[in-house]
Asks: 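Below are the structure tokens for one structure; questions will follow.
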Number of protein chains: 2
Amino acid sequence: MERRLTPRGLERKRQLLDFAARRFAESGFHPTSVAEIVQGMGVGKGVFYWYFDSKEELLLEILQAAQLDLRRAQQAAIEDEPDPLVRIERGIRASLHWLDANRHLDTLIQFARTDEAFAPAIRRGGRVAVTDIARHVQEAIDTGRIPPADPEVLAHCILGVTDSLARVQLIHRGQPPDEVADTAVSFCFEGLTRAGSLSAR
Amino acid sequence: MERRLTPRGLERKRQLLDFAARRFAESGFHPTSVAEIVQGMGVGKGVFYWYFDSKEELLLEILQAAQLDLRRAQQAAIEDEPDPLVRIERGIRASLHWLDANRHLDTLIQFARTDEAFAPAIRRGGRVAVTDIARHVQEAIDTGRIPPADPEVLAHCILGVTDSLARVQLIHRGQPPDEVADTAVSFCFEGLTRAGSLSAR
DNA sequence: CCCTCCCTTGACCGTCCGGTCAAGAGGCCG
DNA sequence: CGGCCTCTTGACCGGACGGTCAAGGGAGGG
């Protein structure tokens with residue numbers, strides 16, 4: 001849907017994206033009806049279809065915006081850090097801070113992965129994330145900081161640890177993002193054999 | 001729903017569980033209608049509601065059976081292996097073989113995690129998995145095989161790496177389960193600093 | 001052979017859903 | 001002040017959905 005939007009229109013669209021994202025995360029995408037969204041916002045149904053072609057398009061825009069925002073946060077955290085391993089650590093840390101502030105979007109992304117209508121969009125963003133990390137891993141290998149291996153595979157491992165810990169330690173147990181990041185970084189760098197830098201609790 | 005089932009009835013129920021699981025994984029739980037399931041099986045709608053109270057109950061039974069089956073596979077693989085680290089490795093290996101043979105169930109479990117109606121059931125099974133692994137980790141710590149740390153946190157890391165690699169390397173790229181297991185085990189034990197045992201591809 | 005009870009049929013029901021649209025409000029620019 | 005274009009309203013539609021149920025088939029124990 002392409003439309004010339006006034007500042008007021010842009011603001012309305014932002015409200016819709018935000019409100020819908022929270023409802024979707026809370027009640028699920030399919031169970032949340034368009035009627036429910038517009039009623040919750042106190043507007044007519046026409047408003048929804050003025051800004052979006054369909055419920056599906058709305059979710060796609062939410063997902064795209066979320067992935068863009070997360071990537072921006074990661075890149076801002078990395079900036080021009082010269083050490084590739086520190087870049088990885090900062091990326092993990094930034095991701096956990098972002099997930100802490102955007103829990104509902106995490107749920108939504110996880111759902112989207114399981115629905116064939118949205119999975120392609122998620123996979124695109126996932127590939128970008130992997131490539132980002134893999135670049136730093138590759139540099140770390142080239143400079144002899146870590147032993148050689150497929151950088152993309154290692155990137156997937158890092159993402160897996162981060163996501164898993166985010167879900168349990170951060171979102172479910174409410175641990176501070178930096179502590180979770182410490183755990184994730186330590187495990188990624190040294191695995192089970194790490195030098196006892198994990199807080200034993 | 002409690003009903004006295006003849007062998008024929010039990011077989012019918014098994015068919016329903018299996019067929020529905022595949023449809024749910026392929027098209028999503030909500031988009032797949034009961035009508036679609038019974039039509040696909042060539043039976044009347046009454047059959048469905050003879051065996052299940054609702055679509056929701058059906059999914060719950062699918063999830064419960066899947067988690068039970070996975071756990072059984074893991075325990076069979078571990079058997080009476082004395083070395084706790086080898087037990088962990090065998091558990092990872094068994095999980096990847098199971099996920100390889102039950103891809104559709106993996107998708108389904110992932111979806112269930114995002115839906116508040118099913119997430120509690122998944123969390124129950126997840127907690128069991130964590131406790132299982134954590135026990136071996138604890139033993140490895142006690143015998144000085146690995147440095148001390150919260151065993152449950154480490155268990156979550158292991159699960160995160162395994163799940164993430166399963167999704168990408170196994171399901172998406174079609175790599176053999178044992179190769180993926182090698183990668184996962186190596187990363188879990190030594191992280192990025194592992195001694196080059198990861199196949200560089 | 002018949003009776004019981006497991007199993008199956010498929011028409012039917014009320015509800016809700018995504019999406020449409022004719023009508024109109026309202027702000028901004030000329 | 002007038003007209004245009006963005007934005008909003010909410011009744012409306014066709015159809016699909018989860019779930020019900022009266023009726024009947026059929027296997028197997030007595």
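The sequence lines fix the lettering, A, B, ..., with proteins before strands; numbering per chain opens at 1. Every value quoted in this text rests on a predicted model; they were computed, and no experiment measured them.
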Asks: Mind calculating the distance between CE (A:M41) and P (D:dG10) to the nearest angstrom?
Replies: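 Rounding to the nearest Å, CE of A:M41 and P of D:dG10 are 15 Å apart.
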
Asks: Do the side chain of B:K55 and the base of D:dG19 come within less than 3.5 angstrom through a donor-acceptor pair of N or O atoms?
Replies: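 Not at all, since no donor on one side and acceptor on the other fall under 3.5 Å apart.
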
Asks: What is the nucleic acid contact for A:G46, judged by heavy atoms within less than 4.0 Å: base, sugar-phosphate only, or nothing?
Replies: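 It contacts base atoms.
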
Asks: Return the value, rounded to whole Å, for the distance between atom CD of B:E36 and atom C1' of D:dG19.
Replies: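 About 17 Å, once rounded to whole Å.
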
Asks: Among C:dT8, C:dC17, D:dC7, which nucleotide sits nearest the side chain of B:Y51?
Replies: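 Of C:dT8, C:dC17, D:dC7, C:dT8 is nearest to the side chain of B:Y51.
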
Asks: For B:H30 and C:dG18, what is the distance between atoms NE2 and C1' respectively, to the nearest whole Å?
Replies: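 It works out to 16 Å between those atoms.
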
Asks: A:E57 CD to C:dG18 C1': how many Å, rounded?
Replies: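 It works out to 14 Å between those atoms.
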
Asks: Considering only D:dG19, D:dC7, D:dT6, which nucleotide approaches the side chain of A:R8 most closely?
Replies: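 The listed nucleotide nearest to A:R8's side chain is D:dC7.
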
Asks: Take the protein atom NZ of A:K45 and the nucleotide atom P of D:dC7, then report the distance between them rounded to whole Å.
Replies: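 Checked: the NZ to P distance equals 21 Å.
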
Asks: Report yes if some heavy atom in the side chain of B:C188 is under 4.5 Å from a heavy atom in the side chain of A:F187; otherwise report no.
Replies: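 Yes - at least one pair of side-chain heavy atoms lies under 4.5 Å apart.
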
Asks: Please pick, from C:dC7, D:dG19, D:dT6, the nucleotide with the shortest atom-to-atom distance to any side-chain atom of A:T6.
Replies: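 That would be D:dT6.
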
Asks: Picking from D:dC7, C:dT9, C:dC6, which would you name as closest to the side chain of B:V43?
Replies: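 Comparing D:dC7, C:dT9, C:dC6 against the side chain of B:V43, the answer is C:dT9.
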
Asks: Picking from D:dT8, C:dG18, D:dT6, which would you name as closest to the side chain of A:Y49?
Replies: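 So the nucleotide nearest the side chain must be C:dG18.
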
Asks: Would you indicate, yes or no, if C:dC7 has its OP1 or OP2 atom less than 4.0 angstrom from a side-chain nitrogen or oxygen of B:R4?
Replies: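 Answer no for this pair, as no side-chain N or O of B:R4 is under 4.0 Å from OP1 or OP2.
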
Asks: What's the closest nucleotide to the B:V47 side chain, out of C:dT8, D:dC7, C:dC6?
Replies: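 The answer is C:dT8.
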
Asks: For C:dC7, does OP1 or OP2 lie under 4.0 Å from any side-chain N or O of B:W50?
Replies: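 Affirmative; the distance criterion is met.
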
Asks: Applying a 4.0 Å non-hydrogen cut-off, can you work out what A:R3 is touching in the nucleic acid: base, sugar-phosphate, or nothing?
Replies: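 Answer is nothing: A:R3 stays at 4.0 Å or more from every strand.
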
Asks: Tell me: CZ of B:R14 to C1' of C:dC7, nearest whole Å?
Replies: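 After rounding, the reported distance stands at 18 Å.
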
Asks: Rounding to a whole Å, what distance do you find between A:L16:CG and D:dT8:C1'?
Replies: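 Spelled out: CG on A:L16 to C1' on D:dT8 is 12 Å.
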
Asks: Is it the case that the side chains of B:Q74 and B:S95 hold a donor-acceptor pair, with the cut-off being a distance below 3.5 Å and no angle test?
Replies: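 Short answer, yes.
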
Asks: Base, sugar-phosphate alone, or nothing: which one does A:V34 contact when heavy atoms must sit under 4.0 Å apart?
Replies: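 Contact class for A:V34: sugar-phosphate only.
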
Asks: What nucleic acid atoms does B:F52 come within less than 4.0 Å of, heavy atoms only: base, sugar-phosphate, or nothing?
Replies: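 Since no nucleic acid heavy atom lies under 4.0 Å of B:F52, the category is nothing.
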
Asks: Would you please indicate yes or no on a ring centroid separation below 6.0 angstrom for B:F24 and B:F111?
Replies: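 No; B:F24 has its ring centre 6.0 Å or more from that of B:F111.
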
Asks: Is there side-chain contact between A:L16 and A:V47, with heavy atoms separated by less than 4.5 Å?
Replies: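 A:L16 reaches A:V47 side chain to side chain.
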
Asks: Using a 4.5 Å cut-off on heavy atoms from C-beta on, say whether the side chain of A:L5 contacts that of A:Y51.
Replies: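 Yes - at least one pair of side-chain heavy atoms lies under 4.5 Å apart.
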
Asks: To the nearest Å, how far apart are A:F24 CZ and C:dC17 P?
Replies: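 Rounded to whole Å, this separation is 13 Å.
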
